[in-house]
Structures are given as structure tokens and as C-alpha cells.
Number of protein chains: 2
Amino acid sequence: MRIGELSRKTGVPVPTIKYYVREGLLPAGELTSRNQASYGEAHERRLRLIRALLDVGGMRVAEIADVLAAVDDPERPLHNVLGAAADRIGSASVEHDDAESAAAQDVVAGLISRRGWRTHESNSAAADLSKALAAMARLGHEAFAEVLDDYADAAEQVARADLGYVDRQVAVADVVESVVVGTVLGEAVFSALRRLAHVDASARLYGEDGAQERKTI
Amino acid sequence: MRIGELSRKTGVPVPTIKYYVREGLLPAGELTSRNQASYGEAHERRLRLIRALLDVGGMRVAEIADVLAAVDDPERPLHNVLGAAADRIGSASVEHDDAESAAAQDVVAGLISRRGWRTHESNSAAADLSKALAAMARLGHEAFAEVLDDYADAAEQVARADLGYVDRQVAVADVVESVVVGTVLGEAVFSALRRLAHVDASARLYGEDGAQERKTI
DNA sequence: ATGAGCGGATAGTGGCACTATCCGCCATCC
DNA sequence: GGATGGCGGATAGTGCCACTATCCGCTCAT
């Protein structure tokens, strides 16, 4: 398959494919002569994965490059393939150093030990969590910490479902790729489900005709 | 308070505050003379909200403008304040029209009716959901639909927690703002919790030392 | 032999979230 | 009462990002 056919099959323009190759997201085609290369099904599949991570997962090209490099590295332990991108995200934003941040870090540490999670608060997800909680606290929503355990229950349930799915999917494709797909696209899936569930729950609580009053203090 | 103090209190540079005013995210200060304006606590609070939605929630400036316009509009029913931004997001990306999309839409319609959700598949969240499922199907992960109900259980639990929180928070501030904060920042919180739960679940399943082999088919 | 397509390189585009600069004005401190 | 620094408002510029356009010399199918 030449680059034009790859482009037609996937809907990705030729210059964009070249760009992905340059950025290290996609391996180059195998050269059959000085200016002819052939692409296989692996390229097609990889290209679809890239577009899904970009369009649905909202990842950046540089993050995808890191994650895919980790996917392609057989030395890399499964559990930190996604860490490759996560650490890059975490360090990008601004660090606060105030009372809210300190309190949020305590809340997170408490949560992790309370649930017996085998992780450490140095994990970038833990940092993101305390960043989000600190932002809420700065907005006067310290009390959100009260629903953290409900959230954590749901997160554990999702994590179990994910692990179970990956375990069952061994026959389909590379497990590592399944983990990436499940984690990144699964987040988009859950986010959409959460919004749907919000609509339903608020319809049940406030009436479904949407004619309710706006309450303010 | 003048703009310089507002800037010092919130850590947002003065030109950036001016930019937010221009873009309609922040109301202008009250003019006390031709080139002097005074800002109050509402401005400070609003500014912190903007930064949280931007930095933690990952929203775009134009989306935030839409949502805040809806927040400030007392005529607007609560349940579609967030729709203001959601609809804008949905229409932004590319539409596919293939077998995977059609199948995914069927899966979503089935899910909604199976769970008795009082929503319609025309909801933009439903569209996002089928987009994500279609992307997975294109990657050979049609079977992900099997864990959808586990995801939906978790999403319902989170939605109940959110509604309960907002209900309890009536005394704190405007309910509508609480919904926005809970929905947007809550997503960041859940995402981080999910990643933490993944680490824990995979440590329990594969051993926590990270020395496990990489399995491939 | 010829023209469409190719690999590879370089430069340009459009969108976004700011950021820099300028202007004339005003409040405040000496 | 004059200097000075900050102010509101306007316009233009910056840096990053994900592409996209163009060019070159080559080669493969017809």
C-alpha cells in the first residue's frame, strides 16, 4: 500500500500522514526504492489509533508520541506506559503554594490511605487530584471533599471493569494498546455517560419538563 | 479595588484580566471616572472561577464565555446551562458516517432505553458517547460495549453524589455556579481518581513491584 | 515518453490564549 | 503644583500547536 491509499482508507490527508511520521507518531513506510515506500495494515491501524487519541481522547501530538513510544518499547513495564504522558501533562500547568493546596494534599493522602490504595501520593494523578480539589476550595467548595468517597467507589468500579475488559481482550490485540485505548477513550465514554446521568438524575429530582425555577440563595 | 490589586490577589496579570473583560468572561469594573474603575469581590470570585475552568477543567475561553453568560441569565433553566458549551463542543469535530457510527448509535439508544434514562439520544452527550464507541469499534474494540453497563452504574452513582452535593450546598452560593463547578471540576477529580484506581487495581492483579512481563498475543 | 504520484524538506496558515505597547487621563505623593 | 505611576481602552504582536502548501527530483504505470 502506498501513502495515497493509506490516506484514502483512513481519511487522513497525505501531508498530515507525513507530519505524523516526522513527529514520530507513525513509523515510516518501508522504502522499496529511493522515493517509494510501502505501508501495511499496522500503519493503517496505528493511524486510526492516532486519530482516536487526538479527536476523541483530546490528547496532544507530543503526548501521543510519548505514549506510542512507550507502547512500542517492549522493555517498558505495562503500568507506566501511560505515565509517559501523564507526567508530561502534570508538569505543564502552574503550581500553587497556598493553604488550599496543602489542605487538598492532606485530603488526598487521607483518601489513599483510607482506601488502602497501593499507590503513592507522588503519583501524578494524585497531584492532579489535589490540584482540582484545591481549585474547588479556592471557590468555596471545600465541602466537595465529602463526596470524594462516592467518587472513589465509582472510580474503583470503573477500574475493575477496565481491568476485566483488558484481561478478556488478550486475544484481540496487543494488551498494552488495549490499556491505552481503554484508559484514554474510556475517559471520554465515562464523561459522556456522566453527563447523561446528570440529565436523568436532575430530571427525576426537579421534574423533567425543564420548567423549574432557578433557585438562588 | 482597582485592577492592579485584583491582579495581585488572584495572580492573573493585568492584561489578561483586560482580555477576559473583552471576551465577555468578566464584567467590566464600575467606572468611577473616565479612566478609573473599581472591582469588587464578585469580580475576584469570578476570576478564580475562570482560572479554575481554564486550568483544571480544560475549557476554552469561548466555551467559558457561553457558560458564564448562561449562568448570569436568570431566565435560563438550570438544566441547560452546561448545554450552552456542550453543544458548541459537539459540533466542532468531524462527523463520520459509517457502519461503526450507526452501530454505536444503536448501542447508545439501547443503553438509554434499557436504563430508563430520561434523556434523548439527540443529547450532545449521547452523540459524544456514540462517537467514542464508534472510534473504539474502528480500533477493533467493539467488545468495549460489554462494560458499558458497569460504566453506567458508576456514572449514575457519581451523578447522584453530584446532585446530593449541590442540594446540600444551597447555603453556600449560587446553585447554578455550584452545578458548573461540580460538573466541570468534578470531571477532573473523577479522572484523577480513575487513574489512581487503575494503578491500585493493576497492582493487585499483576503484583505491585512493576516487574511483570509485558504480554503480547 | 509522459504524467500522476511519491519521499523528503522547508515554509506558511489559522486558531488560540495571551502579552506588549501606546495613548491620554487621573490620583496621589512630595 | 508638578512629577510619577497606575489606569482604561485600543491595537498589534507573540508563541504554541496541528496542520497545510509548495517545491524538488525521482519513479512507476500506462
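In the text below, chain A, chain B and the rest are named by the order of the sequence lines, each starting its count at 1. Because the structure is a prediction, the values reported are computed rather than measured.
Not counting sequence neighbours, A:Glu30 has no partner by the side-chain hydrogen bond (donor to acceptor under 3.5 Å, both in side chains) test. When the side-chain hydrogen bond (donor to acceptor under 3.5 Å, both in side chains) test is applied to A:Glu156, the partners found at least two apart in sequence or on another chain are A:Arg115, A:Trp117.
Put simply, CG on B:Leu6 is 10 Å from P on D:dC7, counting in whole angstrom units. Counting to the nearest Å, the P atom of D:dA10 and the CD1 atom of B:Ile3 are 13 Å from each other. The CD1-P distance, from B:Ile17 to D:dG9, rounds to 13 Å in whole Å. Spacing between atom CD of A:Glu5 and atom C1' of C:dA4 amounts to 16 Å, rounded to whole angstrom units. Rounded to a whole Å, the CG atom of B:Leu25 is 9 Å from the P atom of C:dA17.
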Quiz: residues 7-26 of chain B side-chain donor-acceptor pairs under 3.5 angstrom, not counting sequence neighbours:
residue, atom, partner, partner atom, Å
B:Ser7, OG, B:Val12, O, 2.7
B:Thr10, OG1, B:Leu6, O, 2.8
B:Thr10, OG1, B:Val12, N, 3.4
B:Tyr20, OH, B:Arg51, NH1, 3.1

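From B:Glu5, atom CD reaches atom OG of B:Ser38 across 10.5 Å, with rounding to the nearest 0.5 Å. Here CG of A:Leu133 is found 9.0 Å from CG of A:Leu111. Values are rounded to the nearest 0.5 Å.
Using cut-offs of 30° and 60° on the angle between ring planes, the pair B:Phe190 and A:Phe190 is parallel. Between B:Phe144 and A:Tyr165, the ring-plane angle classifies as perpendicular under the 30° and 60° cut-offs.
Listed by first then second residue, pairs satisfying ring pair (Phe, Tyr, Trp, His ring centres under 6.0 Å) with a partner in residues 29-68 of chain A read A:Tyr39-A:His43, not counting sequence neighbours.
Comparing the helix axis at one end of the helix from C:dA1-D:dT30 to C:dC30-D:dG1 with that at the other, each defined from 5 consecutive pairs, gives an inter-axis angle of 10° (nearest 10°).
Side-chain nitrogen and oxygen atoms of A:Tyr39 include at least one within less than 4.0 Å of the OP1 or OP2 phosphate oxygen of C:dG7.
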(request) For each nucleotide in nucleotides 15-30 of chain D, reading 5' to 3', give B when a protein heavy atom comes within less than 4.0 Å of its base, S when such contact involves only the sugar-phosphate, and - otherwise. (result) --SBBB----BBSS--
